[in-house]
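Proteins get letters first, then strands, A, B, ... in listed order; numbering begins at 1 in each. The structure displayed is predicted, hence computed values, not measured ones.
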Amino acid sequence: MDVNPPHADDTLLASLTDAQREAVEHMEGPLLILAGPGSGKTRVVTHRIAHLIRQGVPSRNILGLTFTNKAADEMRQRLARLVPGQPPWMGTFHGFCSRLLRRHGPLVGLAENFSILDTTDSRRMLKNAIKEAGITLTHTSLDAIRDEISWAKSRLMLPDDYQPRLGQMVGDLTREIYPVYRRLLLETNSVDFDDLLLHVGTLLSDSESVREELDQRFRYILVDEYQDTNMVQYAIVQKLSMTHRNLAATGDPDQSIYGWRGADVSNILRFEEDYPEVKVVRLERNYRSSKCILRVADALIEHNQHRKHKELYTRNDEGQPVRLVRYMTGHDEADDVANQVAAAVASGDRQYRDFAIFYRVNALSRALEHALRRLQIPYQVVRGLEFYQRKEVRDLLAYLQLLNNPRNDVAFQRIINMPPRGIGKKSLEHLERHARRHRISFFDAAGEVGLIESLTRRASVSITKFVAIISGIAADPDQDLAELVARVATESGYREFLGEKEESLDEDRLANIDELISAAREFDEMFPDEGLERFLEQTALVADIDKLDPDPDQVTLMTLHAAKGLEFPTVFIVGVEAGLLPHERSRDDEMQCEEERRLLFVGITRAEQELQLSYTRRRMMRGTHRTAIASEFLLELPRGEMEMIEPPGEADYPEGLAVSADNFIDGGPADRFDGIDDPHPASENLDRDSLVENLSARLTTAAAMARDGLEPSTGGMAPEDYSEGMLVEHPRYGPGRVMELSGKGPKRTATIKFFSGEEKKFRLAFAPLAAIVE
DNA sequence: ATTCGCAAAGTTTTT
DNA sequence: CTTTGCGAAT
């Protein structure tokens with residue numbers, strides 16, 4: 001059978017637009033595809049690969065790099081439909097680098113059976129490093145150091161090159177700890193996520209022969225989501241396309257949402273400088289969303305100052321207006337969203353799978369899950385790591401890690417006394433000291449307990465038993481993976497340990513262990529030749545989104561970050577509130593704020609036909625509830641053409657005290673605390689929130705309001721206008737009373753006692769406070 | 001050494 | 001509200 005009928009390529013090309021075809025037919029030389037949301041980017045990329053293959057390029061010479069396994073899988077599948085046969089290498093950056101390191105690890109000091117530490121394990125390792133360096137952290141958190149090291153690594157900085165970020169107190173500590181951390185990683189034959197990339201980066205600069213070989217091998221490279229690459233990824237890709245400059249990058253600067261992880265948008269902007277002969281293709285026509293939705297998205301993103309203008313358009317229908325809804329509480333929000341889903345499905349217009357609900361932080365999923373469950377609506381939360389985060393699963397995996405790489409001290413630490421076998425902190429410390437002194441791994445130290453005099457007899461015996469268990473399991477190299485996991489569960493005593501206790505919790509745990517065994521079996525069946533190493537690699541490198549199952553008819557819940565690359569007929573974005581989106585921690589930084597705006601942009605552009613944005617007036621967070629305020633981003637939307645809704649009936653008011661929407665505007669029960677005079681009674685309800693919120697005195701908000709013809713009313717209050725006893729409201733702490741005033745001008749400070757009981761001091765010139773008119 | 005209990009802390013986004 | 005971590009009791 002001819003897998004390449006001569007006409008196939010023509011048909012393939014015929015279904016594309018001019019711009020798309022231009023990209024698809026491009027063969028030699030660098031290519032930059034700037035693809036707006038919903039512009040058929042994946043289609044173009046897969047078709048281009050298919051085209052390359054049809055033109056005779058062997059698929060082994062093609063490399064496709066994505067950010068998630070899901071994206072890679074999808075491309076692989078779509079490609080398989082176009083050109084059957086051996087697919088090219090498609091995978092994540094991290095997966096690709098891991099595979100390279102298995103082969104070339106020795107060049108950077110790693111044995112091929114190195115372990116990949118996830119966030120938790122690397123934290124543990126860092127703890128060891130800090131201890132080893134003889135440092136006790138006082139005013140700096142472990143995570144601050146971790147972030148700093150991670151940041152340095154993402155900028156290709158080794159300990160010797162390390163330059164602290166300006167004004168970082170952690171800089172000095174990091175300078176001391178980073179070298180030790182790195183040394184421990186190498187000594188234990190382990191890498192963290194950043195290392196996967198960094199080692200490959202240095203490998204490619206240090207070894208010209210390896211670089212050359214790989215450059216030859218991967219003649220055509222495609223990088224997806226290029227706007228989210230960091231400097232290391234940039235360097236890797238660049239090194240691999242020196243001889244063959246066939247680098248194709250696709251991306252959209254407006255969808256760059258991983259700056260916090262070290263991604264550098266300037267990579268995409270620099271592309272044209274690095275490859276002057278680049279062919280740039282712009283895909284601006286949107287095939288996904290209705291006109292209404294696209295206009296909202298466009299209006300929002302136009303507010304980003306650091307951005308090249310881009311014309312997005314669609315020939316899709318006008319569609320329904322985007323809904324902007326205000327709820328009383330997060331509960332009401334969740335209930336109403338669930339009701340809407342149920343109603344649409346009941347009427348036959350929609351299936352569950354047509355809906356997605358997005359939020360900024362995972363914490364918001366709880367209320368939604370609750371509401372959906374109550375209506376018996378099937379749903380899936382894209383938070384796949386959960387299973388691998390379970391204690392019992394992690395414990396068992398640690399056994400496997402140790403079996404695979406006996407130098408993995410972190411794994412050793414985790415399981416040496418799990419299940420409890422009488423080896424406590426003291427014994428472990430003796431063991432550790434011995435290991436450090438002789439520069440051997442914990443496991444090797446455990447093998448020579450006879451030499452450690454400080455250990456008690458009891459501990460020595462236990463440790464020796466432990467070593468015997470591990471060695472016993474390791475002795476049989478032929479066992480398949482499922483068998484191996486099962487043996488570990490049994491022979492480690494873990495199963496028995498859980499079985500003894502008769503608690504339902506432990507039954508769950510036993511079930512999880514069995515599930516891990518099934519996962520191992522599944523892996524065996526799918527990749528019979530891949531070993532333990534690959535199984536562990538796979539468990540370490542899964543992302544949340546990878547667990548998304550497109551098959552079942554379920555509503556999908558996920559963070560905005562996870563939503564990238566997906567599309568749904570109906571989208572709800574909840575919690576569009578100040579402090580949440582943009583997130584509090586981005587508030588003070590203009591660049592970060594723009595990233596938050598892009599995040600909302602990404603969310604909006606996932607919607608095909610219907611979109612609802614919502615916010616609440618009060619939201620329960622970490623036990624207590626706080627007054628919520630509409631996000632400043634909502635002021636940037638074309639509200640005139642949107643549908644503004646406030647559902648009546650607020651569950652938390654006593655029956656009989658039904659409150660109509662109008663009452664809220666005029667100061668119904670709910671407005672007890674924020675009865676500010678509304679100078680624009682005729683304007684949309686949102687404006688009243690904006691009055692409270694403009695207090696936060698963000699420039700963007702002020703600008704937005706100026707455009708909307710709104711006067712900031714209370715926000716402009718001078719520090720001298722405050723008086724003791726005055727009622728004020730703070731966007732974060734809610735209402736409170738001014739207790740004390742001191743200072744003058746910009747230094748004027750107020751002590752405010754909030755109704756929550758908290759007492760805080762504020763510099764009035766800067767504090768986002770609003771006076772409440774009594 | 002283990003276990004239990006309480007207190008504190010801390011909560012963005014993820015490979 | 002939940003989880004993590006630490007300290008005291010057994």
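Considering only residues two or more places apart in sequence or on other chains, E594(A) meets the salt bridge (charged side-chain N to carboxylate O under 4.0 Å, His left out) condition with none of them. Not counting sequence neighbours, the partners of R261(A) by the side chain to side chain contact (heavy atoms under 4.5 Å, CB included) test are F67(A), Y258(A). For E392(A), the salt bridge (charged side-chain N to carboxylate O under 4.0 Å, His left out) criterion is met by R509(A), not counting sequence neighbours. Residues passing the salt bridge (charged side-chain N to carboxylate O under 4.0 Å, His left out) test with R103(A) are E213(A), sequence neighbours excluded. When the ring-ring contact (aromatic ring centres under 6.0 Å, His included) test is applied to F535(A), the partners found at least two apart in sequence or on another chain are F523(A). Residues satisfying the salt bridge (charged side-chain N to carboxylate O under 4.0 Å, His left out) criterion with R606(A), sequence neighbours excluded, are absent altogether. Under the side chain to side chain contact (heavy atoms under 4.5 Å, CB included) criterion, N113(A) pairs with A111(A), N189(A), N404(A), N405(A), P406(A), E533(A), sequence neighbours left out.
Regarding R123(A), its CZ atom lies at a distance of 14 Å from the P atom of dT14(B), rounded to whole Å. Here dT12(B) presents its C1' atom at 17 Å from CZ of F358(A), a figure rounded to the nearest Å. Distance, M558(A) CE to dT14(B) P: 11 Å, rounded to whole Å. For D192(A) and dT15(B), the CG to P distance is 15 Å, given to the nearest whole Å. Note: CG (L600(A)) to P (dT13(B)) measures 17 Å, nearest angstrom. Between L65(A) atom CG and dT15(B) atom C1' the separation is 13 Å, expressed in whole Å. Here dT15(B) presents its C1' atom at 14 Å from CD of Q538(A), a figure rounded to the nearest Å. Atom CG of L560(A) and atom C1' of dT12(B) are 11 Å apart (whole Å).
For the OP1/OP2 pair of dT12(B) and a distance below 4.0 Å, the side-chain nitrogens and oxygens of N362(A) include no atom meeting the criterion. Contact check, T119(A) against dT15(B): no side-chain N or O comes under 4.0 Å of OP1 or OP2.
F93(A) comes within contact range of no nucleotide atom at all, as no heavy-atom separation falls under 4.0 Å. Looking at heavy-atom distances under 4.0 Å, S427(A) makes contact with sugar-phosphate atoms alone, never a base.
Ring geometry for F466(A) against Y399(A) counts as tilted: the plane angle lies between 30° and 60°, on a 0 to 90° scale.
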**Request:** Classify every nucleotide of nucleotides 1-10 of chain C by which part a protein heavy atom approaches to under 4.0 Å, writing B for the base, S for the sugar-phosphate alone and - for neither, in 5'-to-3' order.
**Result:** B---------
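For the C1' atoms, the distance from dG5(C) to dT12(B) is 23 Å, rounded to whole Å.
Outside the 6.0 Å centre-distance limit, the rings of W260(A) and H583(A) are not counted as a close aromatic pair.
Evaluation of H583(A) against the base of dT12(B) yields a stacking contact (centre distance < 5.5 Å, interplanar angle < 30°).
Comparing dT13(B), dT15(B), dA1(B) by their closest approach to the side chain of R360(A) singles out dT13(B). The listed nucleotides are dT15(B), dT12(B), dT14(B); the one nearest the side chain of W260(A) is dT14(B).
Where R585(A) and G95(A) each meet DNA chain B at their nearest nucleotide, the meeting point lying more 5' is that of R585(A).
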I'd like a list of close polar pairs between nucleotides 2-6 of chain B and the protein, N/O only, cut-off under 3.5 Å.
from: dT2(B); atom 1: OP1; to: G422(A); atom 2: N; distance (Å): 2.5
from: dT2(B); atom 1: OP2; to: N417(A); atom 2: ND2; distance (Å): 2.9

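Salt bridge absent: K425(A) and E429(A) never bring a charged side-chain N and a carboxylate O closer than 4.0 Å.
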